[in-house]
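Inspection log for the structure reproduced underneath, given as structure tokens.
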Amino acid sequence: MAGVNDELWTALRRVTWRLVGLGALSGLLAGYAALAVAELVSAAVRPESGPVVAVGGAAIDRTPSAVKDWAIQEFGTDDKLILQLGILGVLALGALALGVLAARHRRLGSAGVLLFGVVGALAATSRPDSTGITDALPSLVGSVAGAALLYVLAGRLRQRPVASEGAAAREDEGEAEGWDRRGFVMAAAAAVAASTAAGLLGRALNGSQGANAVASRNKVVLPAPASAAAGVPEGAQPRVPGISSFVTSNKAFYRVDTALVVPKVNAETWRLTIHGKGVERPMTLSFDDLLRRELIERDITLTCVSNEVGGPYIGNARWIGVRLADLLAESGVEPPSRGGPADQLVARSVDGMTIGTPVDDIMDGRDAMLALGMNGQPLPFVHGFPVRMLVPGLYGYVSACKWIRDIELTTFDDYDAYWVKRDWAAKAPIKTQSRIDTPKPFARPKAGTVMVAGVAWAQHRGIDKVEVRVDDGPWQRADLAAEDTRDTWRQWSFPWKATSGGHTITVRATDRAGDTQTEKRTRTIPDGASGWHSVAVTVD
């Protein structure tokens with residue numbers, strides 16, 4: 001009797017582990033099929049409607065600002081990759097669980113796949129850049145394909161095949177274990193092949209949609225600006241190893257935005273509209289219209305509000321574009337300081353981002369522009385091609401709309417832009433800051449003269465003085481490099497007579513308004529970090 005019970009228990013365990021293991025595999029295959037079909041369908045709709053991108057974008061929209069800021073600090077420009085991998089991980093876990101469920105309850109497991117599709121569809125249609133109900137199609141069609149596949153595979157796990165040639169044949173076909181091994185393997189192999197083909201085709205089609213945009217960028221020839229930037233003055237870049245380059249290359253320039261898929265916009269079909277309160281003559285402009293206008297060229301340093309004290313999210317480039325104040329004046333716009341009804345300009349991106357900028361700051365004489373070029377080239381796609389906005393002296397989240405498509409004049413009372421709705425300040429002039437580039441934290445320089453060097457910035461005010469302190473000693477003035485303009489950062493250096501032991505080096509800057517950066521440390525939220533940057537080193 002005991003032997004019979006042992007055999008029965010062994011058989012039950014075999015069946016249980018088969019259902020769990022192959023059920024989980026079925027779920028993964030169903031999830032893979034759902035994403036592959038969704039990728040293919042998104043090629044017929046638009047790449048941004050795919051479920052991973054849509055859910056990722058919705059997650060970004062709903063994530064608390066403090067969490068977003070933490071992600072930027074921890075992962076830098078890899079934050080979007082981490083988010084997408086996280087979404088895929090959650091989907092994989094969900095697929096595993098639904099597969100195990102479907103092994104015993106086919107309909108319930110398949111319904112779970114459909115539910116995931118509904119979530120993706122809701123995420124896609126809730127995005128600011130949604131084009132309507134069609135954005136739901138990739139998630140819905142993909143989930144139907146995944147649910148159908150899971151239903152078929154789960155059925156093969158419980159279906160008893162009919163053998164035609166005795167017990168041996170039945171054993172080979174899997175009847176002794178109560179499942180259709182051959183049918184499962186064939187269905188799974190066919191699903192993998194079909195899903196892979198669908199995914200690759202969808203990826204290729206989505207990629208080809210950006211080909212026209214790439215071609216349009218390759219055709220762009222930037223005209224010589226009517227108002228060219230002066231050459232970078234001699235002495236603007238100290239010859240100190242380890243200090244940042246005065247001009248940041250396009251490749252090295254920081255990127256902080258919410259776009260999981262970098263928009264590829266065709267310059268030939270791009271249009272910009274200017275409308276709203278106080279706009280007497282609304283305008284619609286093409287890229288060629290802007291190229292034919294009087295262009296200006298300026299060196300301008302941009303800073304992200306998410307830049308921690310001593311952080312990397314700052315860069316200096318030479319920009320070419322159209323003066324934004326001229327466009328607004330031609331449209332009949334008057335700044336509020338002269339009685340205009342609109343005090344906020346809301347810039348909208350093709351990906352749905354909204355950025356609000358004080359109209360007075362745009363029209364006070366500074367070189368606010370719609371930029372077309374960066375460091376002598378058409379804008380890279382990651383930096384806003386074909387056109388982006390920038391306003392010297394303001395953090396990027398209130399001034400530097402990339403992939404801009406619409407400008408609306410309104411008021412701060414009437415409209416809160418994207419980041420303002422998420423607890424950031426509506427107005428955010430850049431704070432006076434400085435950074436030590438060399439020596440690096442925990443460096444071990446030799447005793448003797450050690451060059452301490454870095455950058456300081458106070459865009460649209462300019463840097464007047466930089467001071468360095470070692471340990472608790474007195475503040476000593478650093479040597480300032482030649483200034484390009486008050487809208488660019490300024491390099492500095494200080495020859496330190498280093499003695500053996502551990503030391504802390506601290507820097508602070510004073511701007512042309514006479515304000516010295518505060519020692520008080522603050523978070524980046526709501527209007528930018530403050531505090532002195534320090535590095536600890538050990539001198540050998």
Inset, instruction - State whether the side chain of N307 and the backbone N or O of Y313 hold a donor-acceptor pair below 3.5 Å, judged by distance alone. - result: yes
Legend entry - Any donor-acceptor N/O pair, S245 side chain to T248 backbone, under 3.5 Å: no
Inset, instruction - Kindly write out the residues that satisfy ring-ring contact (aromatic ring centres under 6.0 Å, His included) with F253, not counting sequence neighbours, or none if the list is empty. - result: W319, H383
Inset, instruction - Answer yes or no: is there a side-chain heavy-atom contact under 4.5 Å between R203 and N206? - result: no
Legend entry - Distance in Å, S534 OG paired with I505 CD1, rounded so as to fall on 0.5 Å steps: 9.0 Å
Legend entry - Results of side-chain hydrogen bond (donor to acceptor under 3.5 Å, both in side chains) for R298 - residues two or more places apart only: S227, D367
Inset, instruction - Give, for atom CD of E467 and atom OG1 of T510, the distance between the pair rounded to the nearest 0.5 Å. - result: 5.5 Å
Legend entry - Partners meeting side chain to side chain contact (heavy atoms under 4.5 Å, CB included) with E268 (sequence neighbours left out): S216, K219, N266
Legend entry - salt bridge (Lys or Arg N to Asp or Glu O under 4.0 Å) pairs, two or more places apart, involving residues 525-537: K431-D527
Legend entry - With D511 via side-chain hydrogen bond (donor to acceptor under 3.5 Å, both in side chains) - residues at least two apart: T432, R461
Legend entry - For P51 against S139, the heavy-atom pair lying closest together: CB-OG, 3.4 Å
Inset, instruction - Side-chain contact test, heavy atoms from C-beta onward, threshold under 4.5 Å: evaluate it for T506 versus R508 and give yes or no. - result: no
Inset, instruction - Measure across W492 and I243 and return the closest heavy-atom pair with its distance rounded to 0.1 Å. - result: O-CD1, 3.8 Å
Legend entry - N218 CG: over 12 foreign heavy atoms closer than 6.0 Å: yes
Inset, instruction - Give a yes or no on whether the backbone of I404 and the side-chain of W270 come within a donor-acceptor separation of less than 3.5 Å. - result: yes
Legend entry - Within-4.5 Å side-chain heavy-atom neighbours: R435 and S244: yes
Legend entry - K277 bridged to D414 by N-O distance under 4.0 Å: yes
Inset, instruction - Could you note down all residue pairs passing salt bridge (Lys or Arg N to Asp or Glu O under 4.0 Å) where residues 385-411 supplies at least one of them, sequence neighbours left out? - result: D257-K402, R348-D406, R348-E408
Legend entry - Main-chain N/O of D351 paired to S349 side chain as donor or acceptor, under 3.5 Å: yes
Legend entry - Audit row: W419, V305, side chain to side chain contact (heavy atoms under 4.5 Å, CB included) steps and yes/no: CA-CA 11 Å; W419 290 112; V305 74; over 6 Å; no
Legend entry - Polar side-chain atom of S530 near backbone of K520 as donor-acceptor pair, under 3.5 Å: yes
Inset, instruction - Please report the shortest heavy-atom distance between R127 and A123, naming the atom on each side. - result: CG-O, 3.2 Å
Inset, instruction - Taking atom CD of E330 as the centre, report whether more than 12 heavy atoms of other residues, nucleotides or ligands fall under 6.0 Å from it. - result: yes
Inset, instruction - Return the set of residues passing side chain to side chain contact (heavy atoms under 4.5 Å, CB included) with I82 (not counting sequence neighbours), or none when no residue passes. - result: F75
Legend entry - Any residue meeting side chain to side chain contact (heavy atoms under 4.5 Å, CB included) with D360, in chain and number order, not counting sequence neighbours: P335, P336, S337
Legend entry - Heavy-atom closest contact (I300 atom, P392 atom, distance): CD1-CG, 3.7 Å
Legend entry - ring pair (Phe, Tyr, Trp, His ring centres under 6.0 Å) contacts in which one or both residues fall within residues 513-538, not counting sequence neighbours: W475-W532
Inset, instruction - Decide side chain to side chain contact (heavy atoms under 4.5 Å, CB included) for L272 and I407; before the verdict, give the C-alpha distance in whole Å, the side-chain angles of both, and the deciding distance to 0.1 Å. - result: CA-CA 7 Å; L272 172 71; I407 289 176; 4.1 Å; yes
Legend entry - P233 vs F246 side-chain heavy atoms within contact, under 4.5 Å: no
Inset, instruction - Please tell me if the side chains of L302 and Y254 come closer than 4.5 Å, counting only heavy atoms from C-beta onward. - result: yes
Legend entry - Test item: Y397 side-chain N/O and V420 main-chain N/O as donor-acceptor pair under 3.5 Å: no
Inset, instruction - Mind listing the closest non-hydrogen atom pair of V507 and S434 along with its distance? - result: CG1-OG, 3.5 Å
Legend entry - By side chain to side chain contact (heavy atoms under 4.5 Å, CB included) - contacts of T125 (at least two apart): S130, D135, A136
Legend entry - Close side-chain approach of D437 to Q491, heavy-atom, < 4.5 Å: no
Inset, instruction - Decide side chain to side chain contact (heavy atoms under 4.5 Å, CB included) for F494 and I436; before the verdict, give the C-alpha distance in whole Å, the side-chain angles of both, and the deciding distance to 0.1 Å. - result: CA-CA 11 Å; F494 175 75; I436 299 171; over 6 Å; no
Inset, instruction - Go through the structure and list residues passing ring-ring contact (aromatic ring centres under 6.0 Å, His included) with W496, not counting sequence neighbours. - result: H503
Inset, instruction - Please confirm whether the backbone N or O of D361 pairs with a side-chain atom of R366, one donor and one acceptor, at under 3.5 Å? - result: yes
Legend entry - Minimum heavy-atom distance I274-L328, with the two atoms named: CG2-CD2, 4.3 Å
Mind listing the side-chain donor-acceptor pairs of residues 450-460 below 3.5 Å, one per line with the distance, residues two or more places apart or on another chain?
{"from": "Q459", "atom 1": "NE2", "to": "T301", "atom 2": "O", "distance (Å)": "3.0"}
{"from": "Q459", "atom 1": "NE2", "to": "T303", "atom 2": "OG1", "distance (Å)": "2.8"}
{"from": "H460", "atom 1": "ND1", "to": "D487", "atom 2": "OD1", "distance (Å)": "3.0"}

Inset, instruction - Please report the C-alpha distance between W424 and T524 in whole Å, then the side-chain angles of each, then the deciding distance to 0.1 Å, and finally whether the side chain to side chain contact (heavy atoms under 4.5 Å, CB included) criterion is met. - result: CA-CA 9 Å; W424 295 81; T524 57; 3.8 Å; yes
Inset, instruction - Verify the neighbour count for atom CZ of R255: are there more than 12 heavy atoms of other residues, nucleotides or ligands below 6.0 Å? - result: yes
Legend entry - Residue among N316, N250, D299 satisfying side-chain hydrogen bond (donor to acceptor under 3.5 Å, both in side chains) with N375: N250
Inset, instruction - Would you give the length of the straight line joining atom CG of L327 to atom CG of L285, rounded to the nearest 0.5 angstrom? - result: 6.0 Å
Inset, instruction - Supply the atom-to-atom distance I355 CD1 to L345 CG, rounded to the nearest 0.5 angstrom. - result: 10.5 Å
Legend entry - S493 OG to L480 CG distance, which is reported to the nearest 0.5 Å: 8.5 Å
Legend entry - Pairwise side-chain contact, W489 with I463, heavy-atom cut-off 4.5 Å (strictly under): no
Legend entry - Distance (rounded to the nearest 0.5 Å) between I430 CD1 and L394 CG: 6.5 Å
Legend entry - Within-4.5 Å side-chain heavy-atom neighbours: P223 and L291: yes
Inset, instruction - Please determine if K421 forms a cation-pi arrangement with Y415, meaning its NZ or CZ atom is less than 6.0 Å from the six-membered ring centre and no more than 45° off the ring axis. - result: yes
